[in-house]
Amino acid sequence: MKIPENHWLLTRPIAHRGLWGGEILENSLTAYKNAAEKGYPIEIDLHLSTDGVLYSFHDDNTLRMTGVDKNIHDLSSKEIDELRLLGSDEHIPTFEEVLSIAENKVPLLIEIKNQPNKQVVDKTVERLKTYKGEFAVQSFNPLYINRVKKLAPEFIRGILATEKSSKQKLLNRIVITKMPLNFLIKPDFISFSHTGLPLKKRKVKNIPVITWTITDQESADRIKPYAKNIIFEKFIPKW
């Protein structure tokens, strides 16, 4: 699928984990509402609980944001619902809660996180098929994106990648940095870390590039010649 030049994915800066800062916590319902009210597309990350509920949460482990040292995909929905973000009254939002905030207001850029339960892809696609708002799907896992292509070829889908990934096993590092399976998954866009730009033309092959995660205007200005759009946090970009 060729994305039009005026498409939101290529023209409207995307708020990473919502529009947050100060008293507004990342990945909270308040951050998502703030982004929606100000008209910014929202980037979210999806995990599947042990009993099949989709949650929007960035980290694989809940320790940093909740103080509980558990992998989120090892928790039930009841256990996740009991957690609070940084000692506040904010809980970890369900996918349904995020959809209700964004629907018919702002687009969603949805990252499907790599996790043991591969049903996360099918569950995500199943729900999005009845969703009325705008969205695009992305993942570091090319097999996830290939599954999205099979289940819903009409969905806009992208591959996430970075120029370095030292914590991964060798095969995973190659996949995450070199994007060798793009010929198979045929991504509609590439979402690449800003520190790795510009990409070589042979890597892009007329596929639009967006970039993450921009935290200041200087970085935004630097990469503008190399990316169609940015995923940002901690500042309001001029793009």
Side-chain angles (χ1 to χ4, degrees), residues 1-17 40-46 58 60 107-114 121 134-150 152-239:
M1 178 186 298
K2 183 174 175 56
I3 304 175
E5 284 291 327
N6 63 348
H7 192 271
W8 65 266
L9 189 63
L10 307 183
T11 59
R12 294 162 63 184
I14 302 163
H16 190 229
R17 311 176 209 170
Y40 289 104
I42 304 168
E43 185 271 351
I44 65 171
D45 311 89
L46 292 186
H58 178 269
D60 293 331
L108 290 173
L109 178 56
I110 302 163
E111 177 182 346
I112 306 176
K113 286 285 194 175
N114 201 33
V121 180
E134 295 181 287
F135 65 89
V137 177
Q138 62 178 0
S139 181
F140 279 102
N141 189 330
L143 299 182
Y144 283 11
I145 296 305
N146 197 52
R147 181 67 175 165
V148 172
K149 184 184 76 168
K150 179 179 179 180
E154 72 276 15
F155 285 9
I156 294 175
R157 58 189 183 272
I159 189 69
L160 274 156
T162 182
E163 83 280 13
K164 55 184 178 181
S165 182
S166 59
K167 295 181 180 180
Q168 301 284 339
K169 294 180 180 179
L170 177 59
L171 180 58
N172 289 344
R173 286 205 306 271
I174 292 172
V175 168
I176 289 172
T177 60
K178 305 298 184 183
M179 301 180 287
L181 297 181
N182 280 4
F183 78 95
L184 173 66
I185 66 175
K186 295 179 170 53
D188 300 307
F189 66 96
I190 293 169
S191 186
F192 208 89
S193 56
H194 75 93
T195 50
L197 297 182
L199 290 176
K200 294 180 180 179
K201 288 186 178 181
R202 62 181 175 81
K203 288 289 185 183
V204 177
K205 294 182 179 178
N206 297 318
I207 304 172
V209 175
I210 66 174
T211 191
W212 51 272
T213 301
I214 303 298
T215 59
D216 56 68
Q217 190 61 46
E218 182 180 359
S219 298
D221 293 339
R222 180 189 69 79
I223 58 87
K224 193 160 190 176
Y226 314 120
K228 293 289 187 180
N229 197 11
I230 60 172
I231 300 170
F232 72 94
E233 67 181 21
K234 299 180 181 178
F235 81 117
I236 300 299
K238 296 177 182 178
W239 186 254

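Source: prediction; values computed, not measured.
- Residues Tyr226 and His194 have side chains not in contact (no heavy-atom distance under 4.5 Å, counting atoms from C-beta outward).
- The two residues Ile190 and Val204 have their closest heavy-atom pair at CD1-CA, 4.3 Å.
- Ile207 is listed as a side-chain neighbour of Pro187, based on a closest heavy-atom distance under 4.5 Å.
- Ile231 CD1 to Thr215 OG1: the interatomic distance, rounded to the nearest 0.5 Å, is 13.0 Å.
- Nearest approach of Leu10 to Pro208, heavy atoms of both residues: CD2-CB, 3.8 Å.
- To the nearest 0.5 Å, atom CH2 of residue Trp8 and atom CG of residue Leu108 are 7.5 Å apart.
- Phe155 places none of its side-chain heavy atoms less than 4.5 Å from the side chain of Ile110.
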Exercise for review: Report the C-alpha distance between Tyr40 and Ile236 in whole Å, list the side-chain angles of each, state the deciding distance to 0.1 Å, and finish with yes or no for side chain to side chain contact (heavy atoms under 4.5 Å, CB included).
Suggested key: CA-CA 10 Å; Tyr40 289 104; Ile236 300 299; 3.1 Å; yes
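- The closest side-chain heavy-atom distance from Ile14 to Trp212 is not below 4.5 Å.
- The heavy-atom pair separating Trp239 from Ala227 by the smallest distance is CZ2-O, 3.6 Å.
- At least one side-chain heavy atom of Asn229 sits less than 4.5 Å from a side-chain heavy atom of Pro13.
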Check your understanding: Run the side chain to side chain contact (heavy atoms under 4.5 Å, CB included) check on Ile210 and Leu109 step by step: do they pass?
Key -> CA-CA 11 Å; Ile210 66 174; Leu109 178 56; 4.0 Å; yes
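- Pro107 places none of its side-chain heavy atoms less than 4.5 Å from the side chain of Leu9.
- When all heavy atoms are compared, the tightest approach of Ile230 to Ala220 is CD1-CB, 4.3 Å.
- Note that CG of Asn146 and OH of Tyr144 are 13.0 Å apart. Values are rounded to the nearest 0.5 Å.
- Ile214 contributes atom CD1, which lies 11.0 Å from atom CZ of Phe232 (distance to the nearest 0.5 angstrom).
- Within 6.0 Å of atom NZ in Lys178, 12 or fewer heavy atoms from other residues, nucleotides or ligands are found, so the atom counts as exposed in its surroundings.
- Thr11 approaches Glu5 most closely through the heavy-atom pair CG2-O, 3.4 Å.
- A 4.5 Å side-chain heavy-atom check between Phe192 and Leu197 finds at least one atom pair inside the cut-off.
- Proximity of Lys228 to Ile3: side-chain heavy atoms (C-beta onward) are nowhere separated by under 4.5 Å.
- Here the side chain of Glu233 pairs no donor or acceptor atom with the backbone of Thr213 at under 3.5 angstrom.
- For Glu111, the salt bridge (Lys or Arg N to Asp or Glu O under 4.0 Å) partners at least two apart in sequence or on another chain are Lys113.
- The nearest pair of heavy atoms linking Ile156 to Asp188 is CA-OD2, 3.4 Å.
- Without hydrogens or angle criteria, Arg157 side chain to Ala152 main chain gives no donor-acceptor distance under 3.5 Å.
- Here the side chain of Thr162 pairs no donor or acceptor atom with the backbone of Ser193 at under 3.5 angstrom.
- Side-chain atoms of Lys149 come within 3.5 Å of backbone atoms of Leu184 as a donor-acceptor pair (strictly under, hydrogens ignored).
- The CD1 atom of Ile112 sits 11.0 Å away from atom CG of Asp45, with the distance rounded to the nearest 0.5 Å.
- One finds the CZ atom of Phe135 at 11.0 Å from the CD1 atom of Ile44 (value rounded to the nearest 0.5 Å).
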